[in-house]
Asker: 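One structure follows; several queries about it will come next.
Order of the sequence lines sets the chain letters (A, B, ...), proteins ahead of strands, with each chain counted from 1. Keep in mind that the numbers below use all heavy atoms, side chains included, and drop hydrogens, waters and symmetry copies.
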There are 2 protein chains.
Amino acid sequence: MQNLDQSFNALADPTRRAILARLARGEATVLELAAPFSMSQPAISKHLKVLEGAGLVSRRVDGTRRPCRLEPAALDAIDRWIADLRRVLETNYSRLDALLADIEMNEGEA
Amino acid sequence: MQNLDQSFNALADPTRRAILARLARGEATVLELAAPFSMSQPAISKHLKVLEGAGLVSRRVDGTRRPCRLEPAALDAIDRWIADLRRVLETNYSRLDALLADIEMNEGEA
DNA sequence: AAGTTATATAACTCAAAAGTTATGGAGTGC
DNA sequence: GCACTCCATAACTTTTGAGTTATATAACTT
């Protein structure tokens, strides 16, 4: 999955996670998002571009402003990937348990 | 959270995700993990170091081998972060709904 | 002891990422 | 139309990351 690359990468940066946390509370413009950080506005714009590329954020046009909002659907793919990993892990643990139980049984026979 | 940086970053690479997927099926040595990839062994060792740094993988010593295994507990922090984000989002959607309902009610009055 | 296997480390290259400053363009308000 | 605000883009620097080859180390094999 190409998009998992972008999603995980987007979330790997603390500034970007903070931006998402802010957006979870509601829409915000670029300058509003930049305010809490000791970072230039272009830096925040670049972070937003990364988040948008990952589908985690969308923007609308409001005059000269570009209010951003969180797109939680992009998180689903991540959830699914992790869940799949756990599922495979569980499946194979179960098999291992069965195998061990089997060995134990045969040892009991011997 | 410092560790979220490392965790998300570790998962942002497709080779590393593939390694985890392989490890979900059971322990594997470095060379076993390297086999499916057209990539040198040192490259895989470096990926494993990243995964280990994120707590996603652990290694044990078996003679000259270093079998790796998946540490699924490291995924919990990620799940929690995403769940928190969704929770905040839901909370604020609810407030918005309440606000809209309120406005509608007042309009009905007018 | 010698050779072989499994892995790690070092030194390097190349590309990409994160930040900066400077600037441009589109909208708004007077 | 002019000044100002909001944001994006360009050009640049610096750091980091992913990959390479070459080599070292430690354990196993015979």
Asker: Distance check, rounded to the nearest 0.5 Å: B/Glu27 atom CD versus B/Arg66 atom CZ?
Answerer: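 Result: 13.0 Å between the selected atoms.
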Asker: Using the rule that Ile, Leu, Val, Met, Phe, Trp and Tyr join whenever any side-chain heavy atoms are under 4.5 Å apart, tell me whether B/Val50 and B/Leu48 fall into a single cluster.
Answerer: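 B/Val50 does not cluster with B/Leu48.
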Asker: To the nearest 0.5 angstrom, please state how far the SG atom of B/Cys68 sits from the CD atom of B/Glu52.
Answerer: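 That separation rounds to 7.5 Å.
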Asker: Crowded around B/Tyr93 OH? As in, over 12 foreign heavy atoms under 6.0 Å?
Answerer: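 Atom OH in B/Tyr93 is not packed in, count stays at 12 or less.
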Asker: Can you sort out which residues in residues 20-29 of chain A have a heavy atom within less than 4.0 Å of DNA chain D? Ascending by number, please.
Answerer: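 Within residues 20-29 of chain A, the residues near DNA chain D are A/Thr29.
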Asker: Got a second to check how far A/Asp79's CG is from B/Asp79's CG, nearest 0.5 Å?
Answerer: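 Answer rounded to 0.5 Å: 6.5 Å.
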Asker: If only atom types and distance count, is the side chain of A/Asp102 paired as donor or acceptor with the main-chain N or O of A/Ala98 below 3.5 Å?
Answerer: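 Such a contact is absent between A/Asp102 side chain and A/Ala98 backbone.
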Asker: For C/dC14, give the paired nucleotide (Watson-Crick: N1-N3 plus N6-O4 or O6-N4; G-U: N1-O2 and O6-N3; both under 3.5 Å), or none.
Answerer: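 Across all strands, the one nucleotide that pairs with C/dC14 is D/dG17.
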Asker: Any residue in residues 51-58 of chain A with a heavy atom nearer than 4.0 angstrom to DNA chain C? Just list them by number, or reply none.
Answerer: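 Nothing qualifies; none.
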Asker: Sort and list the pairs that fulfil salt bridge (Lys or Arg N to Asp or Glu O under 4.0 Å) and have at least one residue in residues 67-78 of chain B, not counting sequence neighbours.
Answerer: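 Listed by first then second residue: A/Arg86-B/Asp76.
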Asker: Between which nucleotides of DNA chain D, 5' to 3', does chain B make heavy-atom contacts below 4.0 Å?
Answerer: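 First and last nucleotides in contact are D/dA18 to D/dC28.
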Asker: Is a donor on one side and an acceptor on the other found under 3.5 Å between the side chain of A/Arg16 and the backbone of A/Ala10?
Answerer: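 Answer holds: yes.
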Asker: Distances under 3.5 Å only, N/O to N/O: pair up the protein atoms with those of nucleotides 15-20 of chain C.
Answerer:
residue, atom, partner, partner atom, Å
C/dA18, OP1, A/Arg16, NH1, 3.3
C/dA18, OP1, A/Arg16, NH2, 3.0
C/dG19, OP2, A/His47, NE2, 2.3
C/dG19, N7, A/Lys46, NZ, 2.9
C/dG19, O6, A/Lys46, NZ, 2.7
C/dT20, OP2, A/Ser40, N, 3.1
C/dT20, OP2, A/Ser40, OG, 2.6

Asker: Identify whether A/Val88 and B/Ile78 are in the same connected component of the hydrophobic contact network (ILVMFWY, side-chain heavy atoms under 4.5 Å).
Answerer: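 No; tracing contacts between hydrophobic side chains, which count when under 4.5 Å, never links both residues.
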Asker: Once you round to the nearest 0.5 Å, how far does CD of B/Glu32 lie from CD1 of B/Ile19?
Answerer: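 Rounded to the nearest 0.5 Å, the CD-CD1 separation comes to 12.5 Å.
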Asker: Could you run down nucleotides 25-30 of chain C 5' to 3' and tag each one B, S or - for protein heavy-atom contact under 4.0 Å?
Answerer: --SS--
Asker: Which heavy atom in B/Arg17 sits nearest to a heavy atom in B/Leu11, and how many Å separate them?
Answerer: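 Scanning both residues completely, I find the closest heavy atoms to be NH1-O, 2.8 Å.
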Asker: Taking B/Asn9 for the side chain and B/Asp5 for the main chain, is one N or O donor matched with an acceptor at less than 3.5 Å?
Answerer: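 A pair under 3.5 Å: no.
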Asker: Check whether more than 12 heavy atoms from other residues, nucleotides or ligands sit under 6.0 Å from atom CZ of A/Arg65, and answer yes or no.
Answerer: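 Counting neighbours around CZ of A/Arg65, 12 or fewer heavy atoms of other residues, nucleotides or ligands fall under 6.0 Å, so no.
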Asker: Which value, rounded to the nearest 0.5 Å, describes the distance between B/Asn92 atom CG and A/Leu70 atom CG?
Answerer: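 Reported value, rounded in 0.5 Å steps: 11.0 Å.
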